[in-house]
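Heads up: the structure comes next, in structure tokens.
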2 protein chains.
Amino acid sequence: MVIKMKMSDVAKLANVSTATVSRVLSQPEKVSKDTREKVMKVIKEFNYQPHMVARQFRTKETKTILVVVPDITDAFFSEVLRGIEHMAVRNGYQVILGDAENDPKREKEYTNLLLQRQADGMVLLTARMDQQDLENISNHFPMVLACEYIDGLDVPTVSIDNISSARKATEHLIHLGHTKIAHITGPMNVVLSRDRLKGYQQAMLSHDITINPAYIQESEVSFESSYDQMMKLLALETPPTAVFVFNDEMAIGAIKAVKDSGLNVPKDVAVVGFDNLKMSSIYEPNITTIHQPKYEIGSKAMELLLKLINGETLQKKRFVLNDKLVVRESSGANNKKVTP
Amino acid sequence: MVIKMKMSDVAKLANVSTATVSRVLSQPEKVSKDTREKVMKVIKEFNYQPHMVARQFRTKETKTILVVVPDITDAFFSEVLRGIEHMAVRNGYQVILGDAENDPKREKEYTNLLLQRQADGMVLLTARMDQQDLENISNHFPMVLACEYIDGLDVPTVSIDNISSARKATEHLIHLGHTKIAHITGPMNVVLSRDRLKGYQQAMLSHDITINPAYIQESEVSFESSYDQMMKLLALETPPTAVFVFNDEMAIGAIKAVKDSGLNVPKDVAVVGFDNLKMSSIYEPNITTIHQPKYEIGSKAMELLLKLINGETLQKKRFVLNDKLVVRESSGANNKKVTP
DNA sequence: AAATGTTATGCAATCGAATACAATAAAATA
DNA sequence: TATTTTATTGTATTCGATTGCATAACATTT
């Protein structure tokens with residue numbers, strides 16, 4: 001049976017005061033065994049559930065944290081979310097998820113939930129809103145950035161080193177003998193795109209390979225857009241023999257374009273992606289990519305946020321986790337078939 | 001500047017009572033233009049944000065709805081979520097997302113948020129918890145099921161007709177001349193698996209094809225598990241020439257198994273999936289599948305929930321939306337390449 | 001036995017916004 | 001002008017749980 005009762009009802013039925021009922025729930029050791037059992041019996045019998053909003057109101061704690069993802073349809077984030085959620089639940093917090101749909105305005109709107117005291121803290125997996133606003137909010141409320149970040153911003157951040165990862169990915173292609181290496185970037189308003197581009201450029205320059213400007217193509221974060229950009233690259237007079245692509249979904253788009261042009265991956269064009277999505281080990285050819293420790297990024301970010309919520313100050317603010325180059329078929333480094 | 005101020009502070013600064021400030025916010029037409037502007041000026045100047053928990057406490061409305069997905073890593077749900085969220089936001093509600101991780105216990109835990117008045121209503125995209133409990137809760141709180149459902153349960157539901165869809169999918173293979181048609185099912189504790197199996201059986205029987213019991217293999221909802229089941233099917237003395245698979249991710253697993261066995265899809269084994277994920281049109285061979293109107297399922301479910309929350313009674317409780325067979329390469333019905 | 005300490009419980013204030021009701025001023029009507 | 005109606009604002013209560021403080025009951029020490 002479900003009955004909407006309040007604490008005073010329980011108190012009456014158990015012949016105690018509401019204070020005692022409240023203590024039974026939150027500090028049972030303060031209550032004698034007898035009363036505790038008497039109260040618990042009533043609570044169980046009527047399946048009393050405390051009115052959480054009233055409790056939140058009184059205690060000024062929601063025990064809720066807000067996570068904002070740039071795009072919920074991007075498979076990358078689900079594992080980061082798992083990491084966040086597990087760490088949160090283990091510490092008595094629940095998670096609200098906000099989908100910004102790649103819109104900085106919506107991102108900003110979600111931060112209002114903090115100002116309105118609907119959440120005790122916030123993990124942002126996207127950082128595209130106004131930097132000043134963000135800084136402002138983080139000065140007053142617990143906040144952690146993960147995956148994305150803003151240079152020079154004094155907000156705790158968890159991510160990999162995208163520049164060095166991108167360098168690593170590009171160098172992998174260089175070491176395979178490629179010099180005509182293109183890069184399909186993500187949108188330039190996203191820091192990850194800019195950093196991965198930097199890494200690409202660093203790798204090329206440090207190996208004395210001049211970068212053909214036409215080899216750098218900016219794409220939306222989507223299969224289709226990347227497909228189009230790859231088609232452009234293939235249409236060049238001297239098409240690249242290798243491409244480093246912003247992420248795995250886009251790498252699949254690029255590969256499809258190569259295939260549809262009657263060419264072969266990796267023989268005609270070698271491809272390296274980023275993120276190591278599940279799909280990347282399944283797709284054919286399966287994709288050489290940079291592995292991100294997604295779950296760990298999430299749980300680390302939540303760990304930091306919990307510290308902030310508990311009033312601790314973080315001596316270390318920037319956490320750079322280890323990535324890893326995962327070599328598979330699409331870059332042509334080996335020909336072993338990977339079976340699941 | 002971010003300052004934590006309360007309504008009484010605004011009232012003092014604007015030289016009015018809190019009642020007036022409250023009215024400016026919720027029923028501005030009740031306040032004279034002069035005072036309204038005076039109050040709004042203060043609100044804007046100090047960026048006052050009302051304490052939502054206090055408001056929720058007072059009004060007994062959270063303007064929040066809870067959505068529980070069986071598995072957040074399943075790409076199928078992200079578009080359903082979009083549908084839900086858009087409809088919710090358009091009506092002034094926000095969405096909390098719960099990930100049950102395929103665990104009926106966690107599903108049940110999330111329903112407690114309703115009992116604790118943390119949400120005004122609930123959309124369940126999974127229905128595996130105890131039926132009695134579920135019915136009980138839905139008798140006291142607004143609740144809608146979507147995608148999954150429970151037969152004979154009097155809770156508003158939005159979904160497709162999985163039996164007829166599965167029949168359609170199987171018949172597609174039959175019409176292509178196949179008789180040795182296998183079915184890789186999902187877990188039998190999920191109603192969708194049972195219904196799709198039923199559809200498969202109906203199609204076979206109505207075309208006088210005897211079902212080889214070994215042709216029915218139960219699989220987890222994962223690429224890997226489906227791969228294994230397909231391997232089993234191929235190891236049979238008389239392997240099937242066609243397979244209808246529970247969903248698209250699993251269909252990819254099955255296709256991979258066929259390929260890894262040195263066989264061709266669709267020539268040696270035709271494959272049909274379910275859901276029409278984005279990936280299904282990208283994978284090679286791209287996958288013949290049943291399209292579900294994901295976004296519409298979500299928005300319709302939210303629409304119904306809003307009606308329940310507003311106290312309307314639904315005359316129609318079961319909403320069956322239209323699915324569609326999408327014929328692509330994996331079933332061998334045509335050989336046209338589909339480019340994005 | 002008196003004084004002191006300990007434990008268990010209750011009383012009553014409190015959190016911040018919404019709102020029923022009262023009060024007042026201004027406008028409309030008789 | 002007196003009276004009623006309408007518009008605007010304020011006063012004071014309320015929502016349900018938590019918690020500081022007071023008190024009562026009991027145990028321990030001197």
Side-chain angles (χ1 to χ4, degrees), chain A residues 3-43 46-64 92 112-120, chain B residues 3-43 46-64 92 112-120:
Chain A
I3 296 173
K4 296 182 196 183
M5 66 182 343
K6 51 181 92 165
M7 193 173 270
S8 57
D9 299 328
V10 176
K12 216 170 288 170
L13 287 162
N15 253 321
V16 294
S17 71
T18 59
T20 300
V21 178
S22 177
R23 285 191 202 101
V24 167
L25 254 27
S26 51
Q27 359 178 18
E29 73 285 355
K30 293 254 177 189
V31 180
S32 77
K33 192 156 166 290
D34 275 11
T35 14
R36 199 188 324 136
E37 281 169 356
K38 195 171 56 177
V39 171
M40 282 310 295
K41 187 160 161 279
V42 176
I43 288 179
F46 293 88
N47 188 30
Y48 164 72
Q49 301 265 5
H51 192 301
M52 293 309 280
V53 175
R55 172 183 291 175
Q56 289 171 7
F57 175 50
R58 175 59 226 237
T59 62
K60 304 271 150 272
E61 278 191 329
T62 60
K63 290 288 177 184
T64 298
N112 278 334
L113 295 187
L114 272 188
L115 307 194
Q116 299 165 351
R117 260 47 65 75
Q118 293 218 65
D120 298 343
Chain B
I3 296 174
K4 296 182 195 182
M5 67 184 340
K6 50 181 91 166
M7 193 173 269
S8 56
D9 298 327
V10 176
K12 217 169 289 169
L13 286 162
N15 254 322
V16 294
S17 70
T18 60
T20 300
V21 178
S22 178
R23 283 190 205 101
V24 168
L25 254 27
S26 51
Q27 359 177 20
E29 74 284 355
K30 293 255 177 188
V31 180
S32 76
K33 191 157 166 289
D34 274 10
T35 15
R36 200 188 324 137
E37 281 169 358
K38 194 170 57 177
V39 171
M40 282 310 295
K41 186 159 162 279
V42 176
I43 288 179
F46 292 88
N47 188 30
Y48 163 71
Q49 300 265 3
H51 192 301
M52 293 309 278
V53 175
R55 173 183 290 175
Q56 289 170 9
F57 175 50
R58 175 60 225 240
T59 61
K60 306 269 151 273
E61 278 191 331
T62 62
K63 290 290 178 183
T64 298
N112 278 334
L113 295 187
L114 272 188
L115 306 195
Q116 299 165 352
R117 261 45 69 74
Q118 293 219 68
D120 297 344

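Keep in mind that the numbers below use all heavy atoms, side chains included, and drop hydrogens, waters and symmetry copies. Remember, predicted model here, so these are calculated numbers, not experimental data. Chain A is the first sequence line, chain B the second, and so forth, proteins listed ahead of strands; every chain is numbered from 1.
Contact between the side-chain N/O atoms of Tyr48(A) and the OP1/OP2 oxygens of dG16(D) is not found at any separation under 4.0 Å. Residue Thr59(A) places no side-chain N or O under 4.0 Å from the OP1 or OP2 atom of dT18(D). Between Ser32(A) and the phosphate of dT9(C), there is a side-chain N or O to OP1/OP2 separation shorter than 4.0 Å. Residue Arg55(B) places at least one side-chain N or O closer than 4.0 Å to OP1 or OP2 of dA18(C). Taking 4.0 angstrom as the limit, Thr35(B) places a side-chain polar atom (N or O) nearer than this to OP1 or OP2 of dT9(D). OP1 or OP2 of dG16(C) lies within a sub-4.0 Å distance of a side-chain N or O belonging to Lys6(B). The phosphate of dG10(D) has OP1 or OP2 within less than 4.0 Å of a side-chain N or O from Thr20(B).
At most 12 non-hydrogen atoms from other residues, nucleotides or ligands lie less than 6.0 angstrom from NZ of Lys12(A). Lys38(A) NZ: more than 12 foreign heavy atoms inside a 6.0 Å radius.
Following rounding to the nearest Å, Glu37(A) (CD) and dA8(C) (C1') show an atom-to-atom distance of 15 Å. For the pair Asn15(B) CG and dT9(D) P, the interatomic distance rounds to 12 Å; values are reported in whole Å. Remark: P of dA17(D) and CD of Gln56(B) are 15 Å apart, rounded to the nearest angstrom. The separation between Asp34(A) atom CG and dT9(C) atom C1' is 13 Å, rounded to whole Å. One can place NZ of Lys33(A) at 13 Å from P of dT9(C), the figure rounded to the nearest angstrom. Separating the NE2 atom of His51(A) from the P atom of dC15(D) is a distance of 11 Å, rounded to the nearest angstrom. Rounding to whole angstrom units, CD of residue Gln49(A) and C1' of dA17(D) are separated by 15 Å. In this structure, CD of Gln27(A) is placed 13 Å from C1' of dT9(C), rounded to the nearest angstrom.
Between Glu37(B) and Lys41(B) there is no salt bridge, since no side-chain nitrogen of the basic residue lies less than 4.0 Å from a carboxylate oxygen of the acidic one.
Residue contacts shown for Ser22(B) include a base, since a base heavy atom lies under 4.0 Å away. Residue contacts for Val53(A): at a heavy-atom cut-off of 4.0 Å it reaches no nucleic acid atom on any strand shown. Contact annotation for Val31(B): backbone-only contact, meaning every heavy-atom pair under 4.0 Å involves sugar-phosphate atoms and none involves a base. Across all strands shown, Ser26(B) has no heavy atoms under 4.0 Å from either base or sugar-phosphate atoms. Within 4.0 Å of Val16(B), counting heavy atoms only, lie sugar-phosphate atoms of the nucleic acid but no base atom. As judged by a 4.0 angstrom heavy-atom cut-off over every strand, Asp9(B) is placed among residues making no nucleic acid contact.
Expressed to the nearest 0.5 Å, how far CD of Gln118(A) lies from CG of Asn112(A) amounts to 10.0 Å.
Taking 3.5 Å as the limit, the base of dG10(C) and the side chain of Arg23(A) contain a donor-acceptor pair of atoms between them. With hydrogens and angles ignored, no donor-acceptor pair under 3.5 angstrom links the side chain of Arg58(A) to the base of dA17(D).
Residues Thr62(B) and Met52(B) are not in side-chain contact: their nearest non-hydrogen atoms beyond the backbone lie 4.5 Å or more apart. The closest side-chain heavy-atom distance from Leu13(B) to Met5(B) is below 4.5 Å.
Sequence order on DNA chain C of the closest nucleotides to Thr18(A) and Val21(B) puts Thr18(A) first from the 5' end.
Taking only side-chain atoms of Met7(B), from C-beta outward, the nucleotide of dG16(D), dA18(C), dC11(C) with the closest atom is dA18(C).
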